[in-house]
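First up is the structure itself, then whatever we jot down about it.
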Amino acid sequence: MQQNSFSYPAMLDLKNKKCVIIGGGKVAVRKALPLIEAGADLTVIAPEADPQLLALAKTSLLRLELRAYTDNDLLDTFVTVAATDDFHINRKIAAAAPCLCNVVTEPSLGNFSVPSTVKNGALIFTLSTGGMPALTRILAQDLRAYYGSDFAEFNEFLQQLRQELKAVDTTPEKRTAFWRQTLTQSVIDLLHAGKLDQAKEIITDAANRFRLESQNSPR
Ligand SMILES: C[C@@]1(CC(=O)O)C2=NC(=C\c3[nH]c(c(CCC(=O)O)c3CC(=O)O)Cc3[nH]c(c(CC(=O)O)c3CCC(=O)O)/C=C3\N/C(=C\2)[C@@H](CCC(=O)O)[C@]3(C)CC(=O)O)/[C@H]1CCC(=O)O
Ligand SMILES: NC(=O)c1ccc[n+]([C@@H]2O[C@H](COP(=O)([O-])OP(=O)(O)OC[C@H]3O[C@@H](n4cnc5c(N)ncnc54)[C@H](O)[C@@H]3O)[C@@H](O)[C@H]2O)c1
(Lines give C-alpha, C1' and ligand atoms only; values in the text may rest on other atoms or scores of the structure.)
(Ligands and ions follow the chains in the order given, each with its own letter.)
Protein backbone atom coordinates (compact mmCIF):
# COMPACT_ATOMS: atom_id res chain seq x y z
CA MET A 1 0.00 0.00 0.00
CA GLN A 2 1.34 3.45 -0.96
CA GLN A 3 2.16 5.67 2.05
CA ASN A 4 1.55 9.41 2.43
CA SER A 5 5.06 10.88 2.83
CA PHE A 6 3.60 13.80 4.81
CA SER A 7 2.82 11.44 7.63
CA TYR A 8 2.78 13.65 10.76
CA PRO A 9 -0.39 15.77 11.05
CA ALA A 10 -0.27 18.90 13.23
CA MET A 11 -2.50 21.88 14.05
CA LEU A 12 -0.49 25.12 14.07
CA ASP A 13 -1.07 28.44 15.80
CA LEU A 14 0.17 30.96 13.20
CA LYS A 15 -1.07 34.14 14.89
CA ASN A 16 1.46 36.90 14.14
CA LYS A 17 3.96 34.35 12.80
CA LYS A 18 6.05 35.48 9.84
CA CYS A 19 4.82 33.65 6.73
CA VAL A 20 5.91 34.24 3.14
CA ILE A 21 4.39 33.12 -0.15
CA ILE A 22 6.60 33.42 -3.23
CA GLY A 23 4.44 33.63 -6.35
CA GLY A 24 1.23 35.55 -6.91
CA GLY A 25 -1.03 33.41 -9.10
CA LYS A 26 -4.22 31.42 -8.46
CA VAL A 27 -2.43 28.85 -6.32
CA ALA A 28 -0.85 31.62 -4.21
CA VAL A 29 -4.35 33.02 -3.60
CA ARG A 30 -5.57 29.60 -2.44
CA LYS A 31 -2.61 29.23 -0.08
CA ALA A 32 -2.94 32.83 1.21
CA LEU A 33 -6.57 32.72 2.34
CA PRO A 34 -6.19 30.13 5.14
CA LEU A 35 -2.96 31.80 6.31
CA ILE A 36 -4.82 35.10 6.64
CA GLU A 37 -7.67 33.36 8.42
CA ALA A 38 -5.10 31.93 10.85
CA GLY A 39 -3.86 35.44 11.67
CA ALA A 40 -0.44 35.04 10.06
CA ASP A 41 1.86 38.01 9.44
CA LEU A 42 1.83 37.36 5.69
CA THR A 43 4.01 38.71 2.89
CA VAL A 44 3.52 37.75 -0.77
CA ILE A 45 6.40 38.31 -3.18
CA ALA A 46 5.88 38.15 -6.97
CA PRO A 47 6.51 40.41 -9.97
CA GLU A 48 2.87 40.01 -10.98
CA ALA A 49 -0.05 39.30 -8.69
CA ASP A 50 -3.63 38.07 -9.04
CA PRO A 51 -6.25 40.85 -8.51
CA GLN A 52 -7.45 39.07 -5.35
CA LEU A 53 -3.99 39.49 -3.81
CA LEU A 54 -3.92 43.18 -4.80
CA ALA A 55 -7.29 43.64 -3.08
CA LEU A 56 -6.12 41.82 0.08
CA ALA A 57 -2.98 44.01 0.18
CA LYS A 58 -5.15 47.14 0.00
CA THR A 59 -7.04 46.06 3.13
CA SER A 60 -3.72 45.29 4.91
CA LEU A 61 -4.49 41.59 5.27
CA LEU A 62 -1.12 40.90 3.66
CA ARG A 63 1.98 42.77 2.47
CA LEU A 64 2.57 42.54 -1.26
CA GLU A 65 6.01 43.07 -2.77
CA LEU A 66 5.82 43.24 -6.55
CA ARG A 67 9.27 41.89 -7.47
CA ALA A 68 11.13 38.64 -8.08
CA TYR A 69 12.33 36.36 -5.25
CA THR A 70 15.77 36.86 -3.70
CA ASP A 71 17.50 34.53 -1.24
CA ASN A 72 17.25 37.12 1.59
CA ASP A 73 13.46 36.99 1.55
CA LEU A 74 13.08 34.09 3.96
CA LEU A 75 15.02 35.26 7.01
CA ASP A 76 13.16 34.19 10.20
CA THR A 77 10.20 32.91 8.22
CA PHE A 78 8.11 30.31 10.03
CA VAL A 79 6.07 29.16 7.01
CA THR A 80 7.27 29.46 3.42
CA VAL A 81 5.14 28.58 0.40
CA ALA A 82 7.00 28.18 -2.90
CA ALA A 83 4.11 28.95 -5.26
CA THR A 84 5.75 30.21 -8.44
CA ASP A 85 5.23 28.45 -11.77
CA ASP A 86 9.02 28.14 -12.17
CA PHE A 87 10.24 24.90 -10.62
CA HIS A 88 13.90 26.08 -10.65
CA ILE A 89 12.93 29.05 -8.45
CA ASN A 90 10.74 26.83 -6.27
CA ARG A 91 13.73 24.53 -5.73
CA LYS A 92 15.90 27.48 -4.62
CA ILE A 93 13.15 28.58 -2.23
CA ALA A 94 12.84 25.07 -0.78
CA ALA A 95 16.60 24.97 -0.18
CA ALA A 96 16.62 28.39 1.52
CA ALA A 97 13.46 28.02 3.66
CA PRO A 98 14.50 28.06 7.33
CA CYS A 99 11.51 26.28 8.85
CA LEU A 100 8.25 24.92 7.40
CA CYS A 101 8.06 24.83 3.61
CA ASN A 102 5.31 23.88 1.15
CA VAL A 103 6.27 23.51 -2.52
CA VAL A 104 3.36 23.54 -4.96
CA THR A 105 5.21 22.22 -8.01
CA GLU A 106 7.29 19.42 -6.42
CA PRO A 107 5.67 18.79 -3.03
CA SER A 108 8.34 16.31 -1.88
CA LEU A 109 10.97 19.11 -1.85
CA GLY A 110 9.05 20.74 1.00
CA ASN A 111 8.41 19.40 4.50
CA PHE A 112 4.64 19.85 4.68
CA SER A 113 1.61 19.61 2.42
CA VAL A 114 -1.62 21.53 2.89
CA PRO A 115 -4.57 19.32 3.72
CA SER A 116 -8.12 20.08 2.78
CA THR A 117 -9.97 21.58 5.74
CA VAL A 118 -13.58 21.34 6.84
CA LYS A 119 -14.20 23.93 9.56
CA ASN A 120 -17.22 24.21 11.80
CA GLY A 121 -16.62 26.52 14.76
CA ALA A 122 -13.85 24.99 16.87
CA LEU A 123 -14.38 21.64 15.15
CA ILE A 124 -11.88 21.16 12.34
CA PHE A 125 -11.46 18.14 10.08
CA THR A 126 -8.33 17.97 7.96
CA LEU A 127 -7.89 15.57 5.12
CA SER A 128 -4.97 14.35 3.02
CA THR A 129 -4.77 11.70 0.33
CA GLY A 130 -1.01 11.87 -0.18
CA GLY A 131 -1.33 13.66 -3.52
CA MET A 132 -4.74 13.17 -5.10
CA PRO A 133 -6.33 16.64 -4.66
CA ALA A 134 -9.50 15.90 -6.65
CA LEU A 135 -10.30 13.01 -4.28
CA THR A 136 -9.36 15.16 -1.26
CA ARG A 137 -11.81 17.81 -2.42
CA ILE A 138 -14.76 15.47 -2.89
CA LEU A 139 -14.12 13.63 0.40
CA ALA A 140 -14.05 17.02 2.16
CA GLN A 141 -17.49 17.79 0.69
CA ASP A 142 -18.67 14.44 2.01
CA LEU A 143 -17.39 15.25 5.53
CA ARG A 144 -18.95 18.72 5.39
CA ALA A 145 -22.33 17.22 4.55
CA TYR A 146 -22.09 14.41 7.15
CA TYR A 147 -20.99 16.60 10.07
CA GLY A 148 -23.24 19.65 9.87
CA SER A 149 -23.44 22.69 12.13
CA ASP A 150 -25.13 20.72 14.98
CA PHE A 151 -21.78 19.07 15.60
CA ALA A 152 -20.09 22.45 16.07
CA GLU A 153 -22.80 23.52 18.52
CA PHE A 154 -22.60 20.20 20.36
CA ASN A 155 -18.82 20.54 20.60
CA GLU A 156 -19.20 24.01 22.12
CA PHE A 157 -21.81 22.72 24.59
CA LEU A 158 -19.54 19.82 25.63
CA GLN A 159 -16.48 22.05 26.06
CA GLN A 160 -18.42 24.35 28.37
CA LEU A 161 -19.67 21.40 30.41
CA ARG A 162 -16.19 19.87 30.52
CA GLN A 163 -14.84 23.04 32.13
CA GLU A 164 -17.67 22.95 34.68
CA LEU A 165 -17.02 19.30 35.53
CA LYS A 166 -13.31 19.99 35.95
CA ALA A 167 -14.32 21.99 39.02
CA VAL A 168 -16.14 19.00 40.57
CA ASP A 169 -14.25 17.44 43.48
CA THR A 170 -13.50 14.02 42.05
CA THR A 171 -10.61 12.10 40.54
CA PRO A 172 -9.38 12.47 36.92
CA GLU A 173 -10.07 8.72 36.50
CA LYS A 174 -13.74 9.15 37.46
CA ARG A 175 -14.05 12.12 35.10
CA THR A 176 -12.57 10.08 32.25
CA ALA A 177 -14.94 7.20 33.05
CA PHE A 178 -17.86 9.67 33.05
CA TRP A 179 -17.07 10.93 29.56
CA ARG A 180 -16.45 7.42 28.20
CA GLN A 181 -19.79 6.17 29.55
CA THR A 182 -21.81 9.25 28.63
CA LEU A 183 -20.56 10.33 25.25
CA THR A 184 -21.44 7.22 23.27
CA GLN A 185 -22.09 6.38 19.64
CA SER A 186 -25.85 6.47 20.32
CA VAL A 187 -25.54 10.16 21.29
CA ILE A 188 -23.70 10.87 18.03
CA ASP A 189 -26.44 8.95 16.19
CA LEU A 190 -28.99 11.36 17.72
CA LEU A 191 -27.06 14.28 16.19
CA HIS A 192 -27.08 12.59 12.79
CA ALA A 193 -30.86 12.21 13.21
CA GLY A 194 -31.19 15.98 13.85
CA LYS A 195 -31.96 15.52 17.56
CA LEU A 196 -29.41 17.93 19.04
CA ASP A 197 -31.66 18.96 21.96
CA GLN A 198 -32.20 15.35 22.96
CA ALA A 199 -28.46 14.68 22.83
CA LYS A 200 -27.78 17.72 25.05
CA GLU A 201 -30.47 16.59 27.50
CA ILE A 202 -28.95 13.13 27.91
CA ILE A 203 -25.53 14.62 28.61
CA THR A 204 -26.91 17.28 30.98
CA ASP A 205 -28.84 14.65 32.99
CA ALA A 206 -25.77 12.43 33.22
CA ALA A 207 -23.63 15.41 34.30
CA ASN A 208 -26.13 16.28 37.04
CA ARG A 209 -26.03 12.70 38.33
CA PHE A 210 -22.22 12.81 38.22
CA ARG A 211 -22.17 16.01 40.30
CA LEU A 212 -24.52 14.47 42.88
CA GLU A 213 -22.59 11.20 43.11
CA SER A 214 -19.32 13.12 43.50
CA GLN A 215 -20.85 15.16 46.34
CA ASN A 216 -22.22 12.06 48.08
CA SER A 217 -19.06 9.99 47.79
CA PRO A 218 -16.08 12.36 47.91
CA ARG A 219 -12.79 10.88 46.81
C1 LIG B 1 -6.17 20.15 -0.48
C2 LIG B 1 -5.62 21.29 -1.32
C3 LIG B 1 -5.24 22.39 -0.36
C4 LIG B 1 -4.70 23.62 -1.04
O5 LIG B 1 -3.70 23.56 -1.75
O6 LIG B 1 -5.30 24.65 -0.84
C7 LIG B 1 -4.46 20.77 -2.15
N8 LIG B 1 -4.67 20.94 -3.44
C9 LIG B 1 -5.89 21.48 -3.67
C10 LIG B 1 -6.44 21.75 -4.92
C11 LIG B 1 -5.86 21.50 -6.22
N12 LIG B 1 -4.65 21.01 -6.43
C13 LIG B 1 -4.45 20.86 -7.80
C14 LIG B 1 -5.59 21.33 -8.48
C15 LIG B 1 -5.80 21.31 -10.01
C16 LIG B 1 -6.45 20.00 -10.42
C17 LIG B 1 -5.55 18.79 -10.28
O18 LIG B 1 -4.46 18.77 -10.90
O19 LIG B 1 -5.94 17.87 -9.55
C20 LIG B 1 -6.47 21.75 -7.48
C21 LIG B 1 -7.81 22.43 -7.65
C22 LIG B 1 -8.97 21.53 -7.54
O23 LIG B 1 -8.86 20.34 -7.33
O24 LIG B 1 -10.02 22.12 -7.73
C25 LIG B 1 -3.26 20.37 -8.50
C26 LIG B 1 -2.04 20.00 -7.80
N27 LIG B 1 -1.87 19.86 -6.45
C28 LIG B 1 -0.60 19.46 -6.21
C29 LIG B 1 0.11 19.41 -7.43
C30 LIG B 1 1.58 19.09 -7.56
C31 LIG B 1 1.82 17.63 -7.57
O32 LIG B 1 0.94 16.80 -7.30
O33 LIG B 1 2.97 17.29 -7.89
C34 LIG B 1 -0.81 19.70 -8.44
C35 LIG B 1 -0.66 19.59 -9.93
C36 LIG B 1 -0.13 20.79 -10.62
C37 LIG B 1 0.03 20.46 -12.10
O38 LIG B 1 -0.69 19.61 -12.62
O39 LIG B 1 0.91 21.07 -12.67
C40 LIG B 1 -0.06 19.16 -4.91
C41 LIG B 1 -0.70 19.22 -3.68
N42 LIG B 1 -1.95 19.72 -3.47
C43 LIG B 1 -2.28 19.55 -2.17
C44 LIG B 1 -3.38 20.11 -1.56
C45 LIG B 1 -1.29 18.72 -1.46
C46 LIG B 1 -1.79 17.28 -1.33
C47 LIG B 1 -3.08 17.14 -0.53
C48 LIG B 1 -3.44 15.72 -0.31
O49 LIG B 1 -2.54 14.90 -0.14
O50 LIG B 1 -4.61 15.38 -0.29
C51 LIG B 1 -0.08 18.77 -2.39
C52 LIG B 1 0.68 17.47 -2.52
C53 LIG B 1 0.95 19.77 -1.92
C54 LIG B 1 0.35 21.11 -1.51
O55 LIG B 1 0.07 21.91 -2.41
O56 LIG B 1 0.25 21.32 -0.31
C57 LIG B 1 -6.58 21.80 -2.42
C58 LIG B 1 -7.99 21.18 -2.37
C59 LIG B 1 -8.90 22.21 -1.77
C60 LIG B 1 -10.25 21.66 -1.43
O61 LIG B 1 -10.40 21.06 -0.39
O62 LIG B 1 -11.18 21.94 -2.20
N1 LIG C 1 0.01 22.46 -5.24
C2 LIG C 1 -1.12 22.79 -5.78
O3 LIG C 1 -2.12 22.72 -5.10
C4 LIG C 1 -1.19 23.23 -7.21
C5 LIG C 1 -2.42 23.37 -7.81
C6 LIG C 1 -2.49 23.81 -9.12
C7 LIG C 1 -1.31 24.13 -9.80
N8 LIG C 1 -0.13 23.98 -9.19
C9 LIG C 1 1.16 24.40 -9.83
O10 LIG C 1 1.57 25.58 -9.12
C11 LIG C 1 2.22 26.51 -9.99
C12 LIG C 1 1.60 27.90 -9.85
O13 LIG C 1 0.27 27.89 -10.33
P14 LIG C 1 -0.55 29.22 -10.59
O15 LIG C 1 -1.81 28.81 -11.24
O16 LIG C 1 -0.61 30.03 -9.36
O17 LIG C 1 0.42 29.92 -11.68
P18 LIG C 1 0.41 31.41 -12.24
O19 LIG C 1 1.09 31.35 -13.54
O20 LIG C 1 -0.97 31.98 -12.15
O21 LIG C 1 1.29 32.23 -11.20
C22 LIG C 1 2.67 32.10 -11.13
C23 LIG C 1 3.16 33.23 -10.24
O24 LIG C 1 4.55 33.03 -9.97
C25 LIG C 1 5.18 34.32 -10.05
N26 LIG C 1 6.62 34.15 -10.27
C27 LIG C 1 7.25 33.65 -11.36
N28 LIG C 1 8.59 33.73 -11.19
C29 LIG C 1 8.80 34.29 -9.97
C30 LIG C 1 9.96 34.67 -9.23
N31 LIG C 1 11.19 34.46 -9.70
N32 LIG C 1 9.80 35.24 -8.01
C33 LIG C 1 8.56 35.45 -7.51
N34 LIG C 1 7.43 35.13 -8.17
C35 LIG C 1 7.55 34.56 -9.39
C36 LIG C 1 4.46 35.01 -11.19
O37 LIG C 1 4.67 36.42 -11.14
C38 LIG C 1 3.02 34.63 -10.88
O39 LIG C 1 2.48 35.51 -9.94
C40 LIG C 1 2.08 25.94 -11.40
O41 LIG C 1 3.33 25.40 -11.77
C42 LIG C 1 1.02 24.85 -11.28
O43 LIG C 1 1.30 23.77 -12.12
C44 LIG C 1 -0.02 23.54 -7.92
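None of the values given here were measured: they were computed from a predicted structure. Counting convention: from 1, in listed order, for ligands and their atoms alike.
Taking a cutoff of 4.0 Å between a charged side-chain nitrogen and a carboxylate oxygen, Asp41 and Arg63 qualify as a salt bridge. Here Asp86 does not pair with Lys92 in a salt bridge; the nearest charged N to carboxylate O distance is not below 4.0 Å. Residues Lys119 and Glu37 are paired through a salt bridge, judged by an N-O separation under 4.0 Å between the basic side chain and the carboxylate.
Contacts of Pro107 with ligand 2, taken as heavy-atom pairs under 4.0 Å, are absent altogether. Residue contacts with ligand 2, taken as heavy atom pairs separated by less than 4.0 Å, do not involve Asp50 at all. Proximity of Thr117 to ligand 1, defined as any heavy-atom pair under 4.0 Å, is not found for any part of the residue. Contacts with ligand 1 closer than 4.0 Å are made by side-chain heavy atoms of Thr136 only, the backbone lying farther away. Here Glu106 has no heavy atoms under 4.0 Å from ligand 1, in either its backbone or its side chain. If you look at Thr84 next to ligand 2, the close heavy atoms, those under 4.0 Å, come from the backbone and the side chain alike. Counting heavy atoms closer than 4.0 Å to ligand 2, residue Ile22 contributes side-chain atoms (C-beta onward) but none from N, CA, C or O.
The single protein non-hydrogen atom nearest to atom 34 (C) of ligand 1 is Val104 O, 4.6 Å, given as residue, atom name and distance. Distance from atom 2 (C) of ligand 1 to its nearest protein heavy atom, with residue and atom name: Val114 O, 4.0 Å. In terms of protein heavy-atom proximity, atom 4 (C) of ligand 2 is closest to Val27 CG2, 3.8 Å. In terms of protein heavy-atom proximity, atom 9 (C) of ligand 1 is nearest to Arg30 NH2, 3.3 Å. Here the heavy atom of the protein found nearest to atom 59 (C) of ligand 1 is Ser116 OG, 4.3 Å. Closest to atom 39 (O) of ligand 2, if we only count protein heavy atoms, is Glu48 O, 2.6 Å. Here the heavy atom of the protein found nearest to atom 30 (C) of ligand 2 is Tyr69 N, 4.0 Å. When hydrogens are left out, the protein atom nearest atom 40 (C) of ligand 1 is Pro107 CG, 3.9 Å; that is the closest non-hydrogen contact. Nearest protein heavy-atom contact of atom 24 (O) of ligand 1 is Arg137 NH1, 3.0 Å. Residue, atom and distance of the protein heavy atom nearest to atom 27 (N) of ligand 1 are Pro133 CG, 3.5 Å.
Residue contacts with ligand 2: Asp86 is placed with no nitrogen or oxygen under 3.5 Å of a nitrogen or oxygen of the ligand (distance criterion only). No N or O atom of Ile89 sits closer than 3.5 Å to an N or O atom of ligand 2. For ligand 1, the polar-atom distance check finds an N/O of Thr129 within less than 3.5 Å of one of the ligand's N/O atoms. Geometrically, ligand 1 and Ala134 share no nitrogen or oxygen pair separated by less than 3.5 Å. For a threshold of 3.5 Å applied to N or O pairs, the pair formed by Thr105 and ligand 2 contains no separation below that value. For Val104, a nitrogen or oxygen atom sits less than 3.5 Å from a nitrogen or oxygen atom of ligand 2, counting backbone and side chain alike.
Judged by the shortest distance from any of its heavy atoms, Ala49 lies outside the 4.0 Å radius around the atoms of ligand 2. Distances shorter than 4.0 angstrom do not occur between any heavy atom of Val27 and any atom of ligand 1.
When distances from atom 17 (C) of ligand 1 to the protein are checked, no heavy atom turns up under 4.0 Å.
Side-chain contact check for Ser186 and Asp189: no donor-acceptor pair (N or O, by modelled atom type) lies under 3.5 Å.
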